[in-house]
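Chain letters run A, B, ... following the sequence lines, proteins first and then strands; every chain starts at 1.
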2 protein chains.
Amino acid sequence: MNKKATKTAGILGGMGPEATARFFELIIKNTAAAVDQEHLRIIIYNFPQIPDRTRAVLYGGENPVPWMVTGLKVLEKAGAELVAIPCLTAHYFLPELRRRSRLPLLDLVAETVRWTTSSLPGLKTVGLLATEGTVATRIFHKAFARRRVRLLEPSAAGQKKIMEAIYGRKGIKAGFTGSGPARLLQEAARELINRGTEAIIAGCTEIPLVLKPDRLPLPLIDPMNIGARALIVKAGGRVREQPLP
Amino acid sequence: MNKKATKTAGILGGMGPEATARFFELIIKNTAAAVDQEHLRIIIYNFPQIPDRTRAVLYGGENPVPWMVTGLKVLEKAGAELVAIPCLTAHYFLPELRRRSRLPLLDLVAETVRWTTSSLPGLKTVGLLATEGTVATRIFHKAFARRRVRLLEPSAAGQKKIMEAIYGRKGIKAGFTGSGPARLLQEAARELINRGTEAIIAGCTEIPLVLKPDRLPLPLIDPMNIGARALIVKAGGRVREQPLP
């Protein structure tokens, strides 16, 4: 890999930190490299003080945009040439971030829709497991609707289980990545399957930390893996040939 | 966690990328935080183009110091206030790096010796699994000798197995973290155990990626875990109470 031919990738992280670490790992695992030197230059700003995105979207919590703009400035100063944000709810703010930063920002929602519709042609219905914030933003609904794919969201009961799995006292954000949150997410997925979904989007960066594809009878689409591969390509790196989940 | 009370931690990474990702994960896992906002601000520069440290120490390969200084400048510009380098062989160059950068640099070798001698009082002999480069630098030998602990290094045959596990065509740096490299490392460890070592230092950042403590009949000391906890403390964060490996 020629140093000049590749761009320095930036990651605006900390939303949450676990998801940021996993995204970094996915970039490394998806890069075709036999020695260290063939990997990409990456600058990560883990900035967990950025106010909660779900709270901002749903409950009038503090606006995270000025914090994210500060984070993007740090990445720009450090030499990042394109940036990914491993938090899907944060993508609601992408148009505003694009107005306020010169850095090219990868759109993980758009990349996910592109990958899904080209890999599963003829797909009519896709289910979404995500935070209340992401569901409320309707970012996935709108992006899939443009490709004439209908998005199924969980019932109120299913959504409650997802939130408990992510934000609960024994949830993923509190460091629990065992069977407790996994069971809750499987129950929410089961409901979507019974209602006829043909694939499921792991629409929150925390979900694939505990929900594994082999526990589901249909494709589990991971926007983080798709995003990691898209970032490698856009930075000029070489993607490892392997099937996406 | 008060924003002003904590420092922004920096990680000079990419040596190798997998070890950097794991070190980042260890910081997150070892931080006492119930919500994202209680985690530390961290800037990571994954800079895998830094020339191989082992090659520089042993075979007159390109000097990595100017590259590492460039990396430290990137971290400084981005606002890092103290820096850890998750590559033990790179610690050979720490005195020179300290002369050429104003950033406080965490010494993972010193932290490891401090933790080991205080956690295992009366320890007489410790074994080292590390790259040829780290063994040749004698950084662990010297640091343990100061505390009157004797360091055992593997025989030439054992060392060859370690290098194959790390650098081999099916080694850790090529993305293989399964039973192949694990078996080679266990054989090298077995030799040190037979020669009377009382504990083993996982002296290369890649080793704990495949060698698990429960496969050994004595303590496996992981400088990366010790370093992650030391970095949290020095940055003003709260360490999660749990036993170190």
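- With a 4.5 angstrom heavy-atom cutoff, Ile43(A) touches chain B via backbone and side-chain atoms both.
- Pairing each heavy atom of Pro17(A) with each of Asp36(B), the nearest pair is CD-OD1, 3.6 Å.
- Here the side chains of Arg22(A) and Glu25(B) are not in contact, with every heavy-atom distance at 4.5 Å or above.
- Atom NE2 of residue His39(B) and atom NZ of residue Lys173(A) lie 9.0 Å apart, to the nearest 0.5 angstrom.
- Taking Val35(A), Leu75(A), Thr20(A) one by one and counting their heavy-atom pairs under 4.5 Å with chain B, the maximum is reached by Thr20(A).
- Remark: Phe93(B) CZ is packed, more than 12 non-hydrogen atoms of other residues, nucleotides or ligands lying under 6.0 Å away.
- In this structure, Lys212(A) places its NZ atom where more than 12 heavy-atom neighbours from other residues, nucleotides or ligands lie under 6.0 Å away.
- Interface remark: Ile42(B) contributes backbone and side-chain atoms alike to the contact with chain A (heavy atom separation under 4.5 Å).
- Contacts between Ile50(B) and chain A at a heavy-atom distance below 4.5 Å involve the backbone alone (N, CA, C, O).
- Atom CG in Asn46(B) sits 5.5 Å away from atom CD1 in Ile28(A) (nearest 0.5 Å).
- The local environment of CZ in Arg100(A) is crowded, with over 12 non-hydrogen atoms from other residues, nucleotides or ligands closer than 6.0 Å.
- Atom CD of Glu164(A) has 12 or fewer heavy atoms from other residues, nucleotides or ligands within 6.0 Å.
- Both the backbone and the side chain of Tyr45(B) have a heavy atom closer than 4.5 Å to some heavy atom of chain A.
- Using modelled atom types, no side-chain atom of Gln37(A) and backbone atom of Gln49(B) make a donor-acceptor pair closer than 3.5 Å.
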